[in-house]
There are 2 protein chains.
Amino acid sequence: MPPHEHPAATDSARELIAAHGGRVTRTRVAVIEALQRSAHPLSHDEIGATLDGAGIGHDRVTLYRALDWLVEQGIAQRIAGGERAWRFEIRRDGDHRHAHFHCERCGQIVCLEDVPAAAPTLPAGFAVARAELVLHGACADCGRAGVEGKEG
Amino acid sequence: MPPHEHPAATDSARELIAAHGGRVTRTRVAVIEALQRSAHPLSHDEIGATLDGAGIGHDRVTLYRALDWLVEQGIAQRIAGGERAWRFEIRRDGDHRHAHFHCERCGQIVCLEDVPAAAPTLPAGFAVARAELVLHGACADCGRAGVEGKEG
DNA sequence: GCTTTTGATGCAACATTGTAGCATTAGATT
DNA sequence: AATCTAATGCTACAATGTTGCATCAAAAGC
C-alpha cells in the first residue's frame with residue numbers, strides 16, 4: 001500500500017497489535033477496526049459478518065482466538081450483555097468503564113458512556129477487578145415506538 | 001399427606017405455584033425449594049443435581065421449562081453472571097434487586113444483599129425494566145487464600 | 001371414584017456458542 | 001530467499017439451550 005494512503009484507523013490497529021507483541025494479521029486488524037468503527041459492542045457473529053464483507057477469510061475458531069487475544073491483551077473487553085453470546089468492545093484510553101443498556105426489543109447493546117459502572121463498597125475480603133452494570137429495558141428508539149403506541 | 005405434617009417450605013412453594021395459576025408438580029416444587037434453600041443463585045446444572053438427589057425424575061428440557069416458567073411468572077429471576085450458563089434465584093418479597101459478585105477463582109456467584117443494583121438516570125427515552133450489577137474479582141474466601149499467600 | 005381436559009413431562013433431534021488438537025500457512029526476522 | 005514459529009483453518013467435540021411431539025398426570029367435572 002502506498003505510504004501516503006494509509007488510513008489512520010488501520011494504522012493505529014496495526015500499531016496497537018505490534019505494541020502488544022503480536023503478529024499483525026488481516027484478521028486482527030479487521031477485528032480491531034470493526035470494533036473501533038462500531039458505536040456499540042459487537043457479537044462474535046457480527047464481527048464475523050464484517051470480516052466476510054471485507055473479503056477476509058476466517059473461521060469461527062480463528063475469530064474466537066483473535067478476540068481472546070485482544071481481551072487478554074487488554075485491547076478489547078468482553079461484555080456479558082443480555083443474551084448468551086459475548087459481545088466485544090474496544091477499550092478506549094484509560095480504564096473508562098461504562099454501563100451498558102440491553103434493549104429487550106431489538107436485542108441491541110448500547111454503550112452508556114456517561115454512566116460509570118463503579119464498584120460500590122463491598123464487605124471486607126472482596127477484591128473487585130471490574131464492575132459490570134447492565135440495564136435492561138427498551139432503548140430510546142424502541143421505547144418511543146412501543147410505549148407510546150405506534151410512533152407518537 | 002397428613003395435614004399436621006406439611007413442611008412450611010413445601011407448602012409455600014405449592015401455594016406460590018398455585019397462586020400463579022400453574023400446576024403443582026414435583027419438579028416445580030423441588031426447584032423452588034432448592035432455590036429457597038440456597039444462599040446463592042444456582043445454575044441449571046446445580047438445580048438438576050438437587051432434583052437427582054431428591055429422587056425426582058427429570059430431564060434437561062423439563063428443568064429448563066420449569067425455570068422458564070418461574071422466571072416468566074416473576075417467581076424466580078435469571079442472572080447472567082460470569083460464565084455462559086444462566087443462574088437462577090428466588091425473588092424475595094418486594095422487588096429487592098441486589099448486586100452479585102462473581103468470583104473468578106471459585107466461579108461462585110454470591111448475592112450482595114446489601115448492595116442495591118439501582119438504575120442511574122439515563123438519557124431520555126430509555127425505559128429501564130431492571131438493573132444488573134455484577135462485580136468480578138476474588139470473593140472473601142478466595143481472596144484471603146490467594147492474595148495473602150496461602151492461608152494468612 | 002372415574003372420566004375428561006389440557007398443562008407438564010420426557011424423549012429425540014436439533015441449534016447456538018464456544019474449545020481442543022493438529023497440520024498448514026504466513027508474519028517477522030535473519 | 002530461508003528460517004522460525006505465531007496464527008490460521010480444518011475437524012471434531014463440549015456445553016448450553018430449544019423445538020416438536022407423543023405420553024402422562026394435575027386439576028376440574030361428573
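Below, read A as the first sequence line, B as the second, and so on, with proteins coming before strands; counting in each chain starts at 1.
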Check: After noting the C-alpha distance and the side-chain angles of Arg130(B) and Gln77(B), does the key distance pass the side-chain hydrogen bond (donor to acceptor under 3.5 Å, both in side chains) rule?
Finding: CA-CA 11 Å; Arg130(B) 63 199 168 86; Gln77(B) 62 194 6; over 6 Å; no

Margin query: As a quick check of understanding, evaluate side-chain hydrogen bond (donor to acceptor under 3.5 Å, both in side chains) for His102(A) and Glu132(B), giving each step before the final call.
Written below: CA-CA 10 Å; His102(A) 170 230; Glu132(B) 217 172 334; over 6 Å; no

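Using a 4.0 Å cut-off between charged nitrogen and carboxylate oxygen, Asp68(A) and Arg78(A) count as a salt-bridge pair.
Taking atom CG of residue Asp59(A) and atom P of nucleotide dG21(C), one finds them 17 Å apart after rounding to whole Å. Regarding Leu67(B), its CG atom lies at a distance of 14 Å from the P atom of dT16(D), rounded to whole Å. Look at NE2 on His20(A): it is 18 Å from P on dA6(D), rounded to the nearest Å. With rounding to whole Å, Tyr64(A) atom OH is found 7 Å from dT19(C) atom P. Computed from coordinates, the His44(B) NE2 to dG17(D) P distance equals 7 Å when rounded to whole Å. Whole-Å rounding puts the Arg84(B) CZ to dT17(C) P distance at 11 Å. As a whole-Å value, the separation of Glu83(A) CD from dT16(D) C1' is 14 Å. In this structure, CG of Leu63(B) is placed 12 Å from P of dT18(D), rounded to the nearest angstrom.
Within the structure, a side-chain polar atom (N or O) of Trp86(B) is placed less than 4.0 Å from OP1 or OP2 of dG17(D). Between Arg60(A) and dG9(D), a side-chain N or O to OP1/OP2 separation shorter than 4.0 Å is absent. Between Arg28(A) and dA7(D), a side-chain N or O to OP1/OP2 separation shorter than 4.0 Å is present. Here Thr27(B) reaches the OP1 or OP2 of dT9(C): one of its side-chain N or O atoms lies under 4.0 Å away. OP1 and OP2 of dA8(C) both lie 4.0 Å or more from every side-chain N or O belonging to Thr62(B).
When heavy atoms are screened at a 4.0 angstrom cut-off, Val61(A) is found touching base atoms of the nucleic acid. Among the protein residues, Trp69(B) comes within range of no part of the nucleic acid, since none of its heavy atoms lies under 4.0 Å from any strand. Residue contacts shown for Thr25(A) are limited to sugar-phosphate atoms, with no base heavy atom under 4.0 Å away. Arg65(A) comes within 4.0 angstrom of a base, heavy atoms only.
With respect to Leu67(A), the side-chain contact (heavy atoms from CB on, under 4.5 Å) criterion is satisfied by exactly one of Ile47(A), Leu42(A), Thr27(A): Ile47(A).
Under 3.5 Å, the side chains of Glu89(B) and His40(B) contain no donor-acceptor pair of N or O atoms.
Comparing Asp68(B) and Arg23(B) by the nucleotide of DNA chain D that holds the closest heavy atom to each, the one mapping nearer the 5' end is Asp68(B).
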